[in-house]
Participant: 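Mind looking over this structure? Questions follow.
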Amino acid sequence: MEQKLMEYKTLNENLRKLVCGVDTEIPLNDGEMVTAINFDNAATTPPFVSALEEINNFSPWYSSIHRGTGYKSMLSSTLYENSRAVVSRFVGSDTDYNTVIFVKNTTEAINKLSYRLCNGDKKNTVLSTGMEHHSNDLPWRDKFNIDYVETDGCGRLSLKDLENKLIKYNDDVKLVTITGASNVTGYINPIYEIARLTHKYNAQLLVDAAQLVPHAPVDMKSIDSPEHIDYLVFSAHKMYAPFGIGVLIGPKQNFDIGNPDYVGGGTIQLVTRKYVMWDAPPHKDEAGSPNVMGVAALVGAIKTLNMIGMKNIEQCEKKLTKYTLEKLKKIPDIQLYCNADDKQPQVGIIPFNIKGVHHSITAKILSYEAGIAVRSGCFCAQPYMQKILKVSEEDIGNYVEKRKFPPYGVVRISFGVYNTIEEVDILVDMLMDIIKYKDQYLKKYKSTQEQLYFPNV
Ligand SMILES: Cc1ncc(COP(=O)(O)O)c(C=O)c1O
């Protein structure tokens, strides 16, 4: 056990060298300087050094892409176009069949797909789930008949309900859209089993992989496999390349038809006053000048993820999550909101509350007193949070009627590959301190008016 822990610590030290900013010192409320601890990786991750290097190395060659005939322009175009294959390989996409469209982020990718699949007839059904981020719920609402696959009391997806709903809609479901891993509970959904079920009832599957691709291997599989994933979306800023790039992958033929959601430069082959001939995918769906630097950074990040190995990343984060959960479970005043086991795997996300302390106050104390960044609230997944926290219909109705911001929520720790056991120990000590001196802390942080001091950054 001791030996294993040592090996893990050495590996961890090496992994930290790959990430920018892990040693940054920040001021606490009392002015003391400490090394920042970032447990908010589900929101966004710091850049890999390799992503920055890729940008730096490419910068002397950077130029406008696609139509330029200058040497640098042609080189930039080649880098941009070749990146699609790098991304495809990373997630096992069938390059003959699928197209890789570069967008801003997961939210834009899902919105784009919702416009592509919508034919103006709201009778088409999309099955979303009760555990989605708003970005995989709201884009479908105004264009489709939307229904939600239920979750159980612990927030786990019910495959039984998925199949019941697929049967109920009698082969009329256009798309099942499901998160690969929840950004609230960290639960990983069995995407290949879901793909099999979805295809059995002649529907297609979109996996929102924003929280999965950075933390575990993902394989879209060949189109011939009943377990293939039809559409995949994810954001580079959650995978160590925060430079405004996201990815939408899906069947070329489905992007061939119809008009793009955004139109303008880069989307066409021929335009007259009366006629427009769209370019082929993916260009048709990438209006305006593309974010070449963002793509370069993503390629740099993918190289590092591949070098570490997604299986290793998964294992490392699993160990850290298990270690943290074991510690937190022993603290009586901590209420956990995830219930993962071997049957219900989980990425490194842990939602919790300290009994008697509002989630926003806990997050604030951790930041101001220990330099630990976590997130608190509902994490853009309010319907899921309402279910997990068992908020009554009556209360929800009251918030809606009074147009009140919901006061409920939890604290979320989310790990990246560079987080360490030592950092978790600091967190656990701080949580125990908050619990021990709860009254003093509550008095000190009752008002939310404290001013943070920001050094020149
Ligand atoms: C599961 C999930 N889907 C979608 C999104 C939206 O990602 P983005 O803000 O990069 O568009 C997030 C962001 O946290 C997420 O966690």
Side-chain angles (χ1 to χ4, degrees), residues 38-47 51 87 91 101-115 126 128-141 148-149 151 155-157 175-189 191 194 205-216 218 229 231-249 261-262 291 294-295 297-298 301 317 337-338 345-351 373-385 387-388 409-416:
N38 183 30
F39 287 152
D40 195 14
N41 294 282
T44 197
T45 51
V87 174
V91 293
I101 299 168
F102 289 122
V103 288
K104 271 206 313 259
N105 48 36
T106 304
T107 305
E108 187 175 272
I110 298 174
N111 271 281
K112 187 176 271 299
L113 186 62
S114 72
Y115 283 106
V126 165
S128 181
T129 84
M131 65 191 294
E132 300 306 311
H133 189 280
H134 298 157
S135 292
N136 195 23
D137 175 356
L138 302 183
W140 307 107
R141 289 194 188 184
Y148 299 93
V149 181
T151 55
R156 293 173 296 206
L157 193 71
L175 186 80
V176 172
T177 182
I178 239 155
T179 193
S182 159
N183 67 316
V184 175
T185 50
Y187 295 155
I188 298 177
N189 282 323
I191 51 174
I194 290 171
L205 176 66
L206 161 65
V207 174
D208 168 0
Q211 298 296 345
L212 189 61
V213 158
H215 305 289
V218 172
I229 291 155
Y231 299 96
L232 192 77
V233 293
F234 50 95
S235 296
H237 75 94
K238 294 187 195 291
M239 48 193 289
Y240 310 95
F243 298 92
I245 272 290
V247 178
L248 163 59
I249 306 181
D261 53 345
Y262 274 79
N291 177 3
V295 168
L298 173 60
E317 293 180 2
Y337 296 97
C338 56
Q346 178 189 28
V347 293
I349 288 178
I350 302 176
V374 296
R375 191 150 286 237
S376 74
C378 293
F379 322 114
C380 296
Q382 292 196 21
Y384 191 33
M385 193 59 86
K387 175 123 190 210
I388 288 171
V410 304
V411 183
R412 178 183 74 186
I413 311 164
S414 56
F415 296 129

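In what follows, every heavy atom counts, from backbone to side chain, and hydrogens, waters and symmetry copies are set aside. Numbering of ligands and ligand atoms starts at 1, following listing order. For clarity, every value in this text was computed on a predicted model and none was experimentally measured.
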Participant: Would you mind telling me which of Val247, Leu206, Ile249 makes a side chain to side chain contact (heavy atoms under 4.5 Å, CB included) with Val233?
Facilitator: Leu206
Participant: Show the protein residues that qualify under the rule heavy atom under 4.0 Å from an atom of ligand 1, listing them in chain and number order.
Facilitator: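 Those residues closer than 4.0 Å to ligand 1 by some heavy atom are Ala42, Asn105, Thr106, Thr107, His133, Ser135, Thr179, Asn183, Asp208, Ala210, Gln211, Ser235, His237, Lys238.
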Participant: Counting only N and O atoms by type, is there a donor-acceptor contact under 3.5 Å from the side chain of Gln346 to the main-chain atoms of Ile188?
Facilitator: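 Between the backbone of Ile188 and the side chain of Gln346 there is no qualifying donor-acceptor contact (under 3.5 Å).
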Participant: Using every non-hydrogen atom in the two residues, find where Asn189 and Ile194 come nearest and quote the distance to one decimal.
Facilitator: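 Result for this residue pair: CB-CD1, 4.0 Å.
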Participant: Among all residues two or more places apart in sequence or in another chain, which pass the ring pair (Phe, Tyr, Trp, His ring centres under 6.0 Å) test with Tyr384?
Facilitator: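 Partners of Tyr384 by the ring pair (Phe, Tyr, Trp, His ring centres under 6.0 Å) criterion come out as none, since no residue qualifies.
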Participant: Is the backbone N or O of Gly186 less than 3.5 Å from a side-chain atom of Gln211, with the two atoms forming a donor-acceptor pair by type?
Facilitator: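 Not a single qualifying donor-acceptor pair exists.
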Participant: Would you confirm whether Ser376, through its side chain, and Val411, through its main-chain N or O, come within 3.5 Å as a donor-acceptor pair?
Facilitator: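 It does not hold such a pair.
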